[in-house]
2 protein chains.
Amino acid sequence: MLTTRKTNRRQLILDEAAKLFKQKGFGGTSMRDLAREVGMEAASMYNHIKSKDEILDLICTRIAHTYISQLAEIEQTEASYADKVKALIRLHIRLMIEDGAAVSVANHDWKYLPEPQLTAFKDARKNYEKGFAALIEQGIAAGEFQPVNVSVALFTILSAVRWVELWYRPGRELSAEELEDHIITMLLTGLAK
Amino acid sequence: MLTTRKTNRRQLILDEAAKLFKQKGFGGTSMRDLAREVGMEAASMYNHIKSKDEILDLICTRIAHTYISQLAEIEQTEASYADKVKALIRLHIRLMIEDGAAVSVANHDWKYLPEPQLTAFKDARKNYEKGFAALIEQGIAAGEFQPVNVSVALFTILSAVRWVELWYRPGRELSAEELEDHIITMLLTGLAK
DNA sequence: CTTCGACAAACTAATGTTTGTTAGCTTAAT
DNA sequence: ATTAAGCTAACAAACATTAGTTTGTCGAAG
């Protein structure tokens, strides 16, 4: 095929790496493990990628960019703050379902990034959190939200959305959309009657 | 001193190990790293512990037992279901603050446990979740909670409480108790007005 | 003829652990 | 009190294994 080109082999390596990193962690995955999954010798992979660290960087950077660009898009919307926050929650859940392995890696293994990229990743995440927090803050100011502690609300939402990776399986009782609805209900209206 | 006995050296190793495992992960921490922190050669530590795996097991098992015994204690209380759930949330937050390193290890590095202990740990966690879920279920049946999806509520709570490890620093604006109150408010009454 | 992508083999560094040894303490017999 | 034996916990050195990566080679495709 013509489509079995450079980019595909490289992407195959990145995809399998994300799966293995999620399963066994960055340190727990050897290049030989990865090579077996890709169907290639470890040495051969170096024709497509520069290093194991580069694999991690490419995965983390892609996810970070996705979040940041989607946030920017939602910010420009003219919806209410409540709807913007809901949209962000939906984004997190959907990304976790559609690209779960990579998101898990960006959530857990980012700390193994080598130094120039580590700082870049942390800065990107900090910016994202700042933008998210601003929406909550403005929502409170606009009277759409209760006057909660903004940091507590932000990190409760960000964390509450992470368990999807451990729990959601495509053929489960809940569809993706139902799951989003349930989580949003839980976070916005709470458990108590 | 008389108190510089067997148990203390061993406990020192476990404590420093928890800190390092939290910081750099189980795989990212070498026995030589740990030895330097303890103030001893790597070989010397084997007079106190059997293996690196045993260190991980001792940390994870201790935390698992803490959660399980505390759950049993709360279950026997005669409080409302809402109060029992609140007590469990407080337990998680307090344990995270007081024993943060070990809790982090039990949350993240349990998957590196060797096989007989891995299954034991997963079973223990499953049992804990079952007991927690039962409280939510009974709370709904008793009309104390909204009729939410029990699994969604359970894992939202369990996850929402984890970020404390990444965020809380003793000298922060919020005291431990204030933090508990804020998180409980967020989870029980939600963000929306 | 050149390029690409695969491979086997080897390299260096680091890993968890074992071994052999030794200094210092405790204990009990002399 | 002194000595001898035994135990504890430290160390240096070495072990086998595994890690990520480099090198040289070779066939196939353009």
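Predicted, not measured: the structure shown is a model, and the values here were computed from it.
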Side chain of [X] (C-beta onward), nearest among [options]:
X	options	answer
B:H48	D:dA9, D:dT21, D:dC11	D:dA9
A:S51	C:dT17, C:dA6, D:dT21	D:dT21
A:A43	C:dT17, D:dA10, C:dA8	C:dA8

Inset, instruction - Mind running a 4.0 Å heavy-atom check of residues 24-32 of chain A against DNA chain D and sending the residues that fall below it, in number order? - result: A:T29, A:S30, A:M31, A:R32
Interatomic distance, [X] [atom1] vs [N] [atom2] [rounded to whole Å]:
X	N	atom1	atom2	result
B:K50	C:dT18	NZ	P	12 Å
B:I13	D:dA9	CD1	P	10 Å
B:E41	D:dC11	CD	P	5 Å
B:I49	D:dA9	CD1	C1'	13 Å
A:N8	C:dG5	CG	C1'	14 Å
B:D33	C:dG16	CG	C1'	12 Å
A:N47	C:dG5	CG	C1'	5 Å
B:M45	D:dC11	CE	P	11 Å

Side-chain donor/acceptor of [X] to backbone N/O of [Y], under 3.5 Å:
X	Y	result
A:K84	A:E75	yes
A:R10	A:H48	yes
B:E144	B:A82	yes
B:D33	B:S30	yes

Inset, instruction - Could you tell me which residues satisfy side chain to side chain donor-acceptor pair (under 3.5 Å) with A:T77, sequence neighbours excluded, listed by chain and number? - result: none
Legend entry - A:H182-A:Y168 aromatic ring centre distance below 6.0 Å: no
Inset, instruction - Compute the centroid of each ring, for A:F26 and then for A:H108, and state whether the two points are separated by less than 6.0 Å. - result: no
Legend entry - Under-4.0 Å side-chain N/O to phosphate OP1/OP2 contact, A:R9 with C:dC4: no
Legend entry - Phosphate-side-chain proximity, B:S44 and D:dC11, N/O vs OP1/OP2 below 4.0 Å: yes
